[in-house]
Amino acid sequence: MRIIHVSAECYPVAKVGGLADVVGALPKYQNRLGANSSVIMPFYNNSFTSEHQFEVIYTSSLTLRNSEYPFDVLKLKDDKQDFDIYFVDEKQHIYKDYVYSSDDTDRFLIFQIAVMDWLLTLKTKPNYIHCHDHHTGLIPFMAQESFKYEKLNKIPVITTIHNAQYQGWFGYENLDKIPQFNLQNIGLLDWNGIINSLAAAIKCAWRVTTVSPNYMEELKENANGLENLLRYESGKCVGVLNGIDAEVWNTETDSFLIENYTKAKVQSGKKANKEWICKEFNLDKSKPLFVFIGRLVGEKGAELLPQVFYESLKERAISILLLGSGFKEIEEGLDNLKTIYPSNYNAYIGYNEKLSHILYAGADFLLMPSRVEPCGLNQMYALRYGTVPIVRSTGGLKDTVTDIKEGGFGFCHNHVSVEDVVEAINRAKDYYNEKPSDFRKNRKTIMNIDHSWEASAKTYIELYKTIK
Ligand code: ADP
Ligand code: GLC
């Protein structure tokens, strides 16, 4: 079974968020099940690509309106790689060193057309094309409708929605950039009078998945305008919970950690990582340590955080460290708190992969007050590292975290409000202080929860096989 994943991100080549982690792990675990799974993505000029070698396997050029875009398809030369990674290297360097930007319509149209042009030339074609998010949303449409790609129209295309908030909208003035098709079918591109890449994918893909079962149900009620479409297409839609790469996220071998630890040594291992964090960020190590790791955007409930932290720290009974970046106003609000609570609060504004691993290991609690969370990987990393998640019950968080009150292991709240998050933090703090032996036991319990990719990779393979 040959599968090609088409994605804007893939860890460790280029990562903005969880999409990269998923595309960087799913093919590896599909290959272990005997598949031949690979990835194709844009060639960004970043530190990964400058430090690796590539082989040119295809050279061509495509036209978008009146402009020529010569491109190569490259293959990563790396014996250690668990799956092949291919790249569309556009020669005028529209991909630069960042993944997303304001000219994404053209950047991702060029990427998708180049992928399809290349696939057309392959003697051995993939059995399945697996597209991720709206950046690849026109592939299901082009495969089905564009005259040029008629030879690909028997290959099932699967679309996975990691985030339905972003849909790849663009106006009809760009219609001529899409390879020719029968204009009678133009409605397949349309949603509310505008071209909508994600809607086109939902209409044309052979199967549509979301990254957790609960998120699929939520989308039928609220999908930033696409809820009716998802309800209508529900027969081909299914939610498959993401996994985590338990080899990368392994407390015993994670080379980023200050001290590695087994389940048996979880208390001392976490203590060593916590002490390093508290020293580095000048935090009171005798208090329970709460962390937030993530994009500082509305979807993550990040605009609540300055007020939540301000309220929760009044008694200076906890320590908080934040790692993230995003909206400037939120960043400023978070920075300002540093002077108010110098020994109980700190923030690292930016992206830091190593630090994130140390925080999952050293923290006592991880906060995720998400407004929207299609799956969420942070809570699964936290569980594996013995850190108790405090989450808003939504999307994949609802599928993966049960409240301690209900016989579970985490802290859940229902609303995205300062009061709800503060209350959950207080409950967690009381649990830490008043039930220390339960708290320690719970660490071991959560480390035993298995969210590794094996099961979900298998579910995807079984899903492909249901396509006739
Ligand atoms: P999303 O993709 O919506 O941002 P996920 O929970 O799926 O959310 O995945 C987020 C991923 O990005 C996790 O691997 C998390 O550790 C990582 N991450 C987010 N922000 C940062 C940051 N500032 N520094 C390091 N890693 C980060
Ligand atoms: C998106 C979602 C996140 C999910 C990730 C990987 O970025 O926001 O919840 O975990 O994709 O599927």
Side-chain angles (χ1 to χ4, degrees), residues 5 7-12 14-26 99-100 130-136 159-167 198 209-216 218-219 223-224 239-246 248-249 254 256 291-302 305 321-327 330-331 334 347-363 366-385 387 389 391-392 394-401 451 453 456-457 460:
H5 291 270
S7 172
E9 301 178 37
C10 176
Y11 182 80
K15 169 167 167 178
V16 177
L19 170 62
D21 291 10
V22 171
V23 177
L26 174 58
V99 177
Y100 305 114
H130 192 147
C131 296
H132 296 267
D133 271 350
H134 75 82
H135 321 98
T136 61
T159 284
T160 293
I161 305 175
H162 296 257
N163 194 334
Q165 291 299 107
Y166 309 101
Q167 300 174 358
L198 190 63
T209 72
T210 52
V211 289
S212 71
N214 187 47
Y215 187 53
M216 181 61 92
E218 286 179 1
L219 285 186
N224 203 6
V240 181
L241 188 70
N242 282 336
I244 59 171
D245 191 334
V248 173
W249 295 91
D254 187 334
F256 289 135
V291 300
F292 173 95
I293 302 168
R295 296 181 290 121
L296 300 176
V297 296
E299 281 170 46
K300 302 289 176 190
L305 293 176
L321 180 62
L322 172 136
L323 165 62
S325 62
F327 281 115
I330 305 179
E331 290 182 356
L334 290 163
Y348 179 111
I349 302 296
Y351 187 92
N352 188 325
E353 187 75 26
K354 177 180 163 78
L355 181 58
S356 75
H357 285 239
I358 302 173
L359 298 194
Y360 289 117
L366 173 90
L367 289 166
M368 292 185 80
S370 305
R371 190 167 272 114
V372 180
E373 197 62 84
C375 177
L377 299 175
N378 298 21
Q379 80 280 13
M380 299 202 257
Y381 298 144
L383 292 170
R384 183 141 169 87
Y385 280 45
T387 296
V391 306
R392 173 173 175 249
T394 186
L397 297 174
K398 208 167 175 177
D399 285 325
T400 52
V401 182
H451 281 302
W453 263 112
S456 306
Y460 275 113

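As a basis for the values below, the full set of heavy atoms in this structure was taken, side chains included, without hydrogen atoms, waters or symmetry mates. Counting starts at 1 for both ligands and their atoms, following the listed order. Remember, predicted model here, so these are calculated numbers, not experimental data.
- When every heavy atom of Asp399 is checked against every heavy atom of Ser212, the shortest pair comes out as OD2-CB, 3.4 Å.
- Results of the side-chain hydrogen bond (donor to acceptor under 3.5 Å, both in side chains) test with Tyr166 over His134, Glu299, His135 single out Glu299 as the only residue that passes.
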Would you tabulate the polar-atom pairs, meaning N/O of ligand 1 against N/O of the protein, with distances under 3.5 Å, reported to 0.1 Å?
residue, atom, partner, partner atom, Å
ligand 1, 2 (O), Gly18, N, 2.6
ligand 1, 3 (O), Arg295, NH2, 2.8
ligand 1, 3 (O), Lys300, NZ, 2.7
ligand 1, 4 (O), Arg295, NE, 2.8
ligand 1, 6 (O), Leu377, N, 2.9
ligand 1, 6 (O), Asn378, OD1, 2.9
ligand 1, 8 (O), Lys300, NZ, 3.1
ligand 1, 9 (O), Gly18, N, 3.2
ligand 1, 14 (O), Lys15, NZ, 2.8
ligand 1, 14 (O), Asp21, OD2, 2.9
ligand 1, 16 (O), Tyr360, OH, 2.8
ligand 1, 23 (N), Gly350, O, 2.9
ligand 1, 24 (N), Asn352, N, 3.0

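- Looking at Tyr351 and Glu353, their side chains do bring a donor and an acceptor atom within 3.5 Å of each other.
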When you check ligand 2 against the protein, what N or O pairs turn up below 3.5 Å? List the atom names and distances, or just say none.
residue, atom, partner, partner atom, Å
ligand 2, 9 (O), Glu373, OE2, 2.5
ligand 2, 9 (O), Pro374, N, 3.4
ligand 2, 9 (O), Cys375, N, 3.0
ligand 2, 9 (O), Gly376, N, 3.0
ligand 2, 10 (O), Gly376, N, 2.8
ligand 2, 12 (O), His162, ND1, 2.7
ligand 2, 12 (O), Asn242, ND2, 2.8

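- Of all heavy-atom pairs spanning Ser456 and Asn242, the tightest one is OG-C, 4.1 Å.
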Between His451 and Leu241, is a side chain to side chain contact (heavy atoms under 4.5 Å, CB included) present by the stated rule, with each step listed?
CA-CA 9 Å; His451 281 302; Leu241 188 70; 4.0 Å; yes
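- Counting only distance, with no hydrogens or angles, the side chain of Arg295 and the backbone of Lys300 share no donor-acceptor pair below 3.5 Å.
- Shortest non-hydrogen contact noted between Leu323 and Gly350 is CD1-O, 3.6 Å.
- Minimum heavy-atom separation, Ala164 to Asn224: O-CB, 3.9 Å.
- For the pair His357/Trp249, a side-chain contact is recorded, criterion being any heavy-atom separation below 4.5 Å from C-beta on.
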